[in-house]
Every structure is written in structure tokens, then in C-alpha cells.
Amino acid sequence: MALVRRNRAPVPGAGDAVAGSTRARYRRILRFAAWNLAATWWYELLLPRIGLALVTERTRPARMQRFARRFHVLAVDLGGLMIKVGQFLSSRLDVLPPEITNELAGLQDEVPPVPFPAIRALAEKELGVPLEQAFAWVEETTIAAASLGQAHRARLLPADAAETGLKEVVVKVQRPGIGAIVDVDLAALRKVGGWLSHFRLISNRADMPALLEEFAQTSFEEIDYLHEAANSERFAVDFSGDGRVAVPRVAWERCTRRVLTLEDVTAIKITDAAALRAAGIDPALVAPVFASVMFDQLFTNGFFHADPHPGNIFVTPVPVGVGEYPWKLTFIDFGMMGEVPASTRSGLRKLLIAAAARDGKGLVAAIGDVGVLMPSADVGGLERAMTQLFGRFGGMGFAELREVDPREFRDFAVEFGDVVRSLPFQLPENFLLIIRAMSLTSGVCSSLDPRFNLWDSVEPYAARLLRDERGNFVQDVAQQALDAAGIALRLPKRLDGLLARIEEGGLTVANPRLERQVARLHRSTRRTASALVFGALLIAGAVVRADDTALGSSLMLASVVPLLHGLWVGRRGF
């Protein structure tokens with residue numbers, strides 16, 4: 001008979017069901033948003049216009065901290081999607097001040113758990129049997145409480161363990177009533193988004209209703225655990241041959257839309273520096289590997305983990321010699337995933353290459369390819385600003401940036417801000433998730449190594465992308481050369497056939513100049529085809545020669561043949 005481990009009693013959360021009535025929850029979110037939007041308008045827009053900008057600057061740190069504390073209380077009290085919003089803000093270490101990120105950082109771990117009896121009732125209803133018939137034992141104490149669900153350790157029954165190959169598992173169960181909570185929170189966020197749309201500064205740069213619908217779609221997918229299980233297996237396939245990454249296996253026999261059973265892969269939390277060092281792992285070595293894995297997801301696979309906060313990534317020690325490193329990164333929680341369309345992925349690859357090369361003009365062009373800039377944008381000023389940005393701050397880590405004179409930052413920010421405000425920006429589909437993933441990646445890497453320089457990871461990755469793009473370019477040129485050669489071979493024969501029909505009387509030609517015109521067309525076509533083949537071989541040889549001297553030189557030498565043919569045809573009149 002199954003046992004249920006009874007440890008310390010879980011702490012009941014105030015946001016267990018709907019935090020009072022749904023109407024009260026809705027009004028509370030709107031009151032909080034309205035008050036803080038009004039305060040922001042007063043301090044950041046009105047006071048500077050009437051000559052009191054100094055008051056705004058002096059009070060900003062304290063105001064930011066008060067806002068973060070109030071939001072922290074609201075999120076923990078209500079739970080639901082408010083936790084998600086707070087986690088997103090806490091991850092923006094690269095752009096938000098520490099007064100906000102430090103205060104909200106605890107939201108990754110402070111979500112209060114639901115009492116176990118409510119979890120047991122929901123799980124038994126979903127599985128259709130008592131827990132004692134589904135598992136050998138289940139531990140009452142939660143090992144992780146998230147905004148939409150919570151996880152408990154368990155062990156499969158011997159028969160299930162033999163069938164699945166799993167023994168120790170983690171059972172993830174949704175919070176009771178979370179569907180209603182998500183509906184209310186989305187309604188409130190849509191209302192706040194409508195308010196923000198009335199600010200021209202925001203409406204000119206983001207389609208708030210579209211962004212909120214994207215967020216809503218993601219939230220609905222997150223509360224479908226069968227969807228999450230499928231995401232997990234797809235992610236595992238993407239990294240099936242990669243020794244850097246591990247993914248928990250799914251026990252499908254114990255999964256429903258509201259209950260998910262996975263292999264227990266609990267290990268060292270990625271930002272637990274003390275535990276990493278105790279295991280002989282240098283946190284500074286983990287940061288670039290984590291960044292590279294995230295780059296692979298975004299720029300190569302096109303299917304990425306959109307919620308890589310520290311609670312969703314473990315560092316798992318492995319025996320020396322098993323892989324490239326004596327540890328691997330284990331990802332969990334695949335409810336929030338994003339996909340990058342091929343066109344957007346191509347633009348992102350160009351953006352990454354331009355950023356690594358400190359190419360301000362190329363970066364702006366790539367931003368346009370991604371779809372962030374409207375086609376009507378005058379990008380000259382932005383190109384100059386990006387070039388100045390790379391020239392002054394490119395290559396600096398966060399620790400180095402903190403040592404820069406604040407006045408220099410302020411002066412540049414004013415100039416850069418004026419340029420950005422003059423341009424019509426938009427956020428393409430799925431870009432909110434891309435921004436979230438990169439923000440969390442940046443924050444985690446900075447936590448692992450305060451002096452972490454993102455360029456150190458970007459440059460080698462961009463160099464690899466550049467080699468790939470060069471290979472694709474060579475393939476395109478080679479295909480064009482083959483097409484041109486085919487035209488060169490087929491077209492004279494077709495023209496000869498046309499002339500034969502004319503000579504046989506199949507076509508009466510009364511004007512003798514027509515034959516001369518056809519002959520000139522014949523020669524011109526041959527010369528054009530030869531020129532195309534010559535150019536294709538020459539360009540392909542020049543590109544390939546950087547990596548393969550022998551092949552590149554051979555292609556360039558071979559280009560002489562069509563060149564001579566074209567000259568000979570022109571001179572001989574053939």
C-alpha cells in the first residue's frame with residue numbers, strides 16, 4: 001500500500017483560490033496599476049516639463065524601491081499571472097535598476113504552496129484513482145511552488161517503473177482554480193494595456209493588445225500539461241546529441257492536462273554559487289556554456305525555452321570523461337516555449353553577427369530584417385548612434401559598465417533616447433518571448449559571474465554562424481552557376497533549331513535583317529551565359545578560399561575557361 005510522506009506542514013498561501021472574489025481581485029490589480037501610472041506621469045513627464053527635473057532624479061531610486069515592494073506584496077498575495085510579471089521584471093538586470101530587480105528577485109522562490117489536501121483532491125480527480133493506486137509514495141512537502149502549479153517528489157509503482165524505466169519522479173499539479181485566476185488576471189492586464197495604448201510614446205512603438213494576446217496564448221498553453229510534456233520531448237530531440245544539456249523523461253501514463261509526472265532530475269540550482277563550488281564547479285565556467293545553449297535555441301533550432309529563470313535550470317554533475325564538461329545543464333518546466341520563424345531567425349543571426357563585429361550599420365539593417373523597425377524609418381541617425389555605442393561601450397561587461405562615469409551614461413542616454421523616440425518601432429510576433437529569454441539569460445549569466453562579458457560568448461558563436469552563412473552563400477552561388485551553365489548549353493541548341501525551321505521554310509522570312517538580328521542574339525546569349533558562369537565561379541572561389549585555399553584557388557582558376565569562351569565568341573562572331 002502506498003505511503004504519503006508527512007513532513008512539515010506547508011505554508012498556506014493567500015492566493016490559494018481566487019484571493020477573494022474575482023471582482024475584488026480584478027479591482028485590486030487595476031487600482032495598483034492606476035496609482036503607479038499616475039505617479040509615473042506626475043514625476044517623469046509633468047515635473048520635468050515645469051523645470052523640476054532635479055526633483056524627479058533625486059526621488060527616482062526611492063520611488064522605484066517603493067514600487068517594487070508594493071508589487072512584491074501584491075504578487076505574493078494574489079499569485080497567478082502577477083507572479084509571472086514580477087519574475088519578468090526581476091530578470092531585467094541589464095536594464096532595470098537594482099532597486100527593482102533586488103526586491104523582486106525573491107519571487108522566483110517565494111510563491112506560497114497550496115495545502116496538500118487540495119493538491120491530493122485535484123490529482124486524484126484528474127488521474128481517476130487514489131494516489132495510493134497511482135504511486136508507491138508521494139511526499140506532502142512541495143519541492144517547488146510556482147505561480148500556476150507546484151511539484152512533489154514521488155515514486156512510481158514497481159509495474160509502472162518497469163514499463164517506463166523511471167523510478168523516482170516529480171509530480172507537478174496545478175493550483176486549484178488557476179483557470180479562473182488566469183482569466184481574471186488577463187482581463188485586468190488587457191485593461192491596463194488599453195490605458196497604456198493612450199500614451200503615444202508607447203502606442204507608437206508597441207501594439208499592446210497584440211502583445212497581451214500573445215501573453216494570453218502563452219499562459220493558456222502553460223496550464224495545459226500535456227502540451228508541456230510534448231514540448232519537453234521536442235526540446236530533448238533538439239539536444240539529443242549534445243552532452244551539455246539534459247531533459248527529464250515523461251511518464252505519460254501518469255499525465256493529464258492538470259497533472260504532469262516527470263523524471264526526478266533535481267540537482268544544483270544554476271545560481272547557487274556556493275553549492276557549485278562545493279561540487280568542484282566554477283560558476284564562471286557555467287555562464288558561457290549556458291549562454292551558448294540559449295543561442296543555439298534562438299538562432300539555430302528556432303524552438304526555445306522562454307522561461308529560463310534560475311528555478312528552471314539545474315547544474316548536474318557527471319563523471320569526468322563522460323562529456324566535454326564534468327557537469328551538464330538540466331532544463332525543466334517547458335510550459336512557456338517560443339518559436340522563431342525562419343525569416344525572423346535569419347534576421348536574428350545577422351543581428352548577432354553584426355553585434356559581434358561591432359557593425360552599427362549592419363546591426364540596424366538586421367533590426368530592420370527582423371521587423372522591429374517600420375519600413376518608413378529613417379535609420380541614418382540610429383546607425384550613427386549604434387556606431388558610437390559600440391565605439392564607447394562595446395565589449396564591456398556589467399561590472400565594467402558600473403564603473404563608467406554616470407554623467408557619461410546620462411549624456412549618451414539623452415542623445416540615444418532622442419534618436420530612438422524619433423523612429424517608428426514595432427514588436428513582431430513572438431518577440432516578447434525572445435526578449436524575455438534573452439533578458440533571463442543575461443541575468444543568470446551575470447549572477448554566475450559579475451564580470452561576465454556577453455561579447456565573449458557572442459563572438460565565437462557569431463563566427464560559427466558566419467561560417468554557416470558563408471557555406472549557404474557558396475551553395476547558392478554554385479546553384480546559380482549550374483543554372484547558368486544549363487542555360488548556356490540549352491539555349492544555342494534551341495536557337496539552332498529555330499534557325500533550322502526557318503531554313504526549311506517552316507517560317508517565311510521576308511526581311512534578311514532578321515537573320516542577322518537572330519545571329520547577334522545568339523552570340524549575345526552565349527557571351528552572357530559565359531559571363532554568368534565566370535562571375536559565379538570567381539565569387540565562389542574568393543569566398544571559399546578563406547577556409548579552403550586549395551578548393552578556392554581551383555574555382556577561381558576554373559573561372560578562366562568561361563571568360564576565354566566569352567571573349568572568343570565575341571571576337572570570332574560564333
Side-chain angles (χ1 to χ4, degrees), residues 2-5 113 119 123 126-127 129 131-146 148-174 222-270 272 275 279 281 290 293 297 303-305 307-319 322-323 325-337:
L3 298 176
V4 176
R5 291 190 174 182
I119 291 295
E126 285 291 308
L127 296 173
V129 295
L131 285 187
E132 290 78 7
Q133 296 180 25
F135 301 96
W137 58 260
V138 179
E139 192 172 82
E140 278 195 6
T141 305
T142 180
I143 59 171
L148 306 181
Q150 64 190 53
H152 297 258
R153 282 195 175 92
R155 179 178 295 162
L156 291 179
L157 294 167
D160 291 336
E163 182 177 349
T164 62
L166 302 176
K167 185 176 181 182
E168 308 297 331
V169 295
V170 170
V171 182
K172 184 176 175 182
V173 184
Q174 278 186 12
E222 274 200 90
I223 58 176
D224 182 352
Y225 284 171
L226 293 177
H227 183 78
E228 178 177 344
N231 286 341
S232 173
E233 293 201 334
R234 178 179 173 184
F235 189 86
V237 170
D238 284 346
F239 288 95
S240 57
D242 195 327
R244 302 171 302 170
V245 178
V247 180
R249 290 175 290 170
V250 180
W252 285 98
E253 295 79 1
R254 292 290 177 261
C255 294
T256 71
R257 292 191 64 210
R258 304 177 72 187
V259 175
L260 179 63
T261 304
L262 301 166
E263 177 185 9
D264 188 356
V265 293
T266 308
I268 304 171
K269 183 178 176 180
I270 191 170
D272 190 345
I281 301 171
F290 172 62
V293 168
Q297 296 173 46
F303 183 63
F304 64 94
H305 198 303
D307 196 21
H309 67 73
N312 285 339
I313 306 156
F314 296 120
V315 178
T316 306
V318 299
V322 171
Y325 305 95
W327 45 267
K328 61 177 58 178
L329 297 170
T330 302
F331 286 77
I332 63 171
D333 195 351
F334 298 92
M336 185 184 293
M337 302 295 291

*Tell me, with the steps shown, if V315 and I281 meet side chain to side chain contact (heavy atoms under 4.5 Å, CB included).*
CA-CA 9 Å; V315 178; I281 301 171; 3.8 Å; yes
*Verify side chain to side chain contact (heavy atoms under 4.5 Å, CB included) between W252 and T261, making sure each step is shown before the conclusion.*
CA-CA 7 Å; W252 285 98; T261 304; over 6 Å; no
*asked:* Applying side chain to side chain contact (heavy atoms under 4.5 Å, CB included) to T256 and L226, what does each step give before you reach the verdict?
replied: CA-CA 6 Å; T256 71; L226 293 177; 5.5 Å; no
*So K172 and E228, salt bridge (charged side-chain N to carboxylate O under 4.0 Å, His left out) or not? Walk me through it.*
CA-CA 11 Å; K172 184 176 175 182; E228 178 177 344; 3.2 Å; yes
*List the steps, then state whether side chain to side chain contact (heavy atoms under 4.5 Å, CB included) holds for F290 with L329.*
CA-CA 7 Å; F290 172 62; L329 297 170; 4.0 Å; yes
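Listed for the H305 side chain is a donor-acceptor partner under 3.5 Å among the backbone atoms of D333. Between the side chain of D238 and the backbone N or O of Q297, no donor-acceptor pair lies under 3.5 Å. Between the side chain of H152 and the backbone N or O of V171 there is no donor-acceptor pair closer than 3.5 Å. Remark: side-chain polar atoms of E263 are not paired, donor with acceptor, to backbone N or O of V250 under 3.5 angstrom. Of the possible donor and acceptor atoms, one in the side chain of N231 sits under 3.5 Å from a partner among the backbone N and O of F334.
Inter-residue side-chain proximity for T316 and V265 is flagged as unmet; no heavy-atom pair is nearer than 4.5 Å. Annotation: side chain of W137 is not in contact with side chain of E132 (no heavy-atom distance under 4.5 Å). E233 places none of its side-chain heavy atoms less than 4.5 Å from the side chain of V237. Counting only heavy atoms from C-beta outward, the side chains of I270 and F314 never approach each other to under 4.5 Å. No side-chain heavy atom of T330 sits less than 4.5 Å from a side-chain heavy atom of I313. Between F235 and V245, some side-chain heavy-atom pair lies under the 4.5 Å cut-off. Counting only heavy atoms from C-beta outward, the side chains of F304 and M337 never approach each other to under 4.5 Å. Counting heavy atoms from C-beta outward, R249 and L166 have side chains that approach closer than 4.5 Å.
Residue R153 forms a side chain to side chain contact (heavy atoms under 4.5 Å, CB included) with just one option from I143, T141, V138, V169, and that option is I143.
Shown here for V129 and A134, the closest heavy-atom pair between the two residues is CG2-CB, 4.0 Å. G149 approaches Y225 most closely through the heavy-atom pair CA-OH, 3.8 Å. Between S232 and P248, the closest heavy-atom pair is OG-O, 3.5 Å. Between A151 and T142, the shortest heavy-atom distance links the atoms O-OG1, 2.9 Å. In plain terms, the two heavy atoms of V259 and E126 that are nearest each other are CG2-CB, 3.7 Å. Considering all non-hydrogen atoms of both residues, L260 and C255 come closest at CD1-SG, 3.7 Å.
Annotation: cation-pi geometry not satisfied between R244 and Y325 (NZ/CZ under 6.0 angstrom from ring centroid, within 45° of ring axis).
Atoms CD and CG, from E222 and D307 in turn, are 6.5 Å apart once rounded to the nearest 0.5 Å.
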